[in-house]
Peer 1: 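Pasting a structure below so you can have a look.
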Amino acid sequence: QVQLVESGGGLVQAGASLRLSCAASGRTSSNYAMVWFRQAPGKEREFVAGTSWSGSSIIYSESVKGRFTISRDNAKITVYLKMNSLKHEDTAVYYCAARYGTLLPGAAAEYDYWGQGTQVTVAS
């Protein structure tokens with residue numbers, strides 16, 4: 001089992017930056033991919049960004065490419081999402097998720113472990 005805890009959300013103005021963190025604990029010695037999804041009110045959960053265990057494979061959704069950066073520190077067992085140039089449409093609950101093995105973008109059902117989510121609100 002892997003436990004994930006997100007932090008770093010908040011209320012910001014459009015154009016501002018935030019950095020989300022996701023700390024993993026439990027059975028973390030294995031090779032696992034970590035991703036960020038988000039879900040806005042009334043919308044389906046949407047893939048945002050993901051990284052493989054080594055960091056050699058990183059994928060972004062088109063809506064955040066060039067503005068968001070995902071990174072991971074395996075020594076701290078933490079993955080980060082740096083969000084720049086935030087827009088009102090980035091407002092959502094952001095979830096961290098993990099799965100053992102290959103990074104699979106856009107497939108929420110493939111991820112076994114989820115955090116509780118952290119709210120990001122961007123005022124226009």
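Everything numeric in this text was worked out from a predicted model, so none of it was measured.
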Peer 1: Which heavy atom of Gly50 sits nearest to which heavy atom of Val35, and what is that distance?
Peer 2: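 So the two residues come closest at CA-CG1, 3.6 Å.
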
Peer 1: Where do Tyr100 and Val2 land on the side-chain contact (heavy atoms from CB on, under 4.5 Å) test, with the steps shown first?
Peer 2: CA-CA 10 Å; Tyr100 294 113; Val2 175; 3.1 Å; yes

Peer 1: Shared ILVMFWY cluster between Trp36 and Ile77, side chains joined below 4.5 angstrom?
Peer 2: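 Hydrophobic grouping puts Trp36 with Ile77.
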
Peer 1: Do the side chain of Arg72 and the main chain of Ser52 share a donor and acceptor less than 3.5 angstrom apart?
Peer 2: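 Yes; at least one donor-acceptor contact below 3.5 Å.
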
Peer 1: When hydrophobic residues are tied together by side-chain contacts of less than 4.5 Å, even through go-betweens, does Trp53 share a cluster with Leu104?
Peer 2: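 Each belongs to a different hydrophobic cluster.
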
Peer 1: What pair of heavy atoms forms the shortest contact from Gln1 to Gln3, and how long is it?
Peer 2: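 For Gln1 versus Gln3, the nearest heavy atoms are CB-NE2, 3.6 Å.
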
Peer 1: Closest heavy-atom contact between Ile59 and Pro105?
Peer 2: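 Looking at all heavy atoms of both residues, the closest pair is CD1-CG, 3.6 Å.
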
Peer 1: Report the distance from atom OG of Ser61 to atom CZ of Arg38, rounding to the nearest 0.5 Å.
Peer 2: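 Interatomic distance, Ser61 OG to Arg38 CZ, rounded to 0.5 Å: 6.0 Å.
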
Peer 1: When you look at Leu86 and Gln13, which way does the side-chain contact (heavy atoms from CB on, under 4.5 Å) test go after all the steps?
Peer 2: CA-CA 8 Å; Leu86 282 162; Gln13 295 293 318; over 6 Å; no

Peer 1: Measuring from atom CD of Glu110 to atom CG of Leu103, what distance do you get when rounded to the nearest 0.5 angstrom?
Peer 2: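 Answer rounded to 0.5 Å: 11.5 Å.
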
Peer 1: If you compare all heavy atoms of Asn84 against all heavy atoms of Ser17, which two are closest, and at what distance to 0.1 Å?
Peer 2: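 Smallest heavy-atom distance, with atoms named: OD1-OG, 2.9 Å.
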
Peer 1: Working to the nearest 0.5 angstrom, can you tell me the gap between Leu4 CG and Gln116 CD?
Peer 2: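 Leu4 CG to Gln116 CD: 9.0 Å, rounded to 0.5 Å.
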
Peer 1: Ring centres of Tyr111 and Tyr32 under 6.0 Å apart?
Peer 2: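 No, the ring centres sit 6.0 Å or more apart.
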
Peer 1: Looking at Glu6 and Gly117, would you say the former's side chain and the latter's main chain have a donor-acceptor pair under 3.5 Å?
Peer 2: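 Checking the backbone N and O of Gly117 against the side chain of Glu6, a donor-acceptor pair under 3.5 Å is found.
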
Peer 1: Going by side chain to side chain contact (heavy atoms under 4.5 Å, CB included), Leu20 matches just one of Tyr80, Phe68, Tyr94. Which one?
Peer 2: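 It is Tyr94, the one option of Tyr80, Phe68, Tyr94 that forms the side chain to side chain contact (heavy atoms under 4.5 Å, CB included) with Leu20.
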
Peer 1: Write down the atom of Met34, the atom of Cys22, and the distance for their closest heavy-atom approach.
Peer 2: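 Nearest pair, atom of Met34 first, then Cys22: CE-SG, 3.9 Å.
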
Peer 1: Working to the nearest 0.5 Å, report the span between CZ of Arg99 and CG of Asn31.
Peer 2: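 Here the rounded value is 10.0 Å.
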
Peer 1: Are Tyr95 and Val48 linked, directly or through intermediate hydrophobic residues, by side-chain heavy-atom contacts shorter than 4.5 Å (ILVMFWY only)?
Peer 2: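 No, no single cluster joins them.
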
Peer 1: Would you say Thr78's side chain and Lys76's backbone share a donor-acceptor pair under 3.5 angstrom?
Peer 2: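 Between the backbone of Lys76 and the side chain of Thr78 there is a qualifying donor-acceptor contact (under 3.5 Å).
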
Peer 1: In this structure, would Val64 and Leu18 fall into the same cluster of hydrophobic residues linked by side-chain contacts under 4.5 Å?
Peer 2: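 Yes.
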
Peer 1: Checking the side chain of Asn74 only, and the main-chain atoms of Ser54 only, is there a donor and an acceptor separated by less than 3.5 Å?
Peer 2: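 No; zero donor-acceptor contacts below 3.5 Å.
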
Peer 1: As an exercise, state the distance from OG of Ser63 to CG of Asp90, rounded to the nearest 0.5 Å.
Peer 2: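 It comes to 7.0 Å.
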
Peer 1: How long is the gap from CD on Gln39 to CD on Glu46, to the nearest 0.5 Å?
Peer 2: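 Reported value, rounded in 0.5 Å steps: 10.0 Å.
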
Peer 1: Heavy atoms only: give me the nearest His88-Val122 pair and the separation to one decimal.
Peer 2: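 Where His88 meets Val122 most closely, the heavy atoms are ND1-O, 2.8 Å.
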
Peer 1: Same cluster or not: are Phe47 and Ile58 linked, directly or through other Ile, Leu, Val, Met, Phe, Trp or Tyr residues, by side-chain heavy atoms under 4.5 angstrom apart?
Peer 2: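 No: no chain of side-chain contacts under 4.5 Å links Phe47 to Ile58.
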
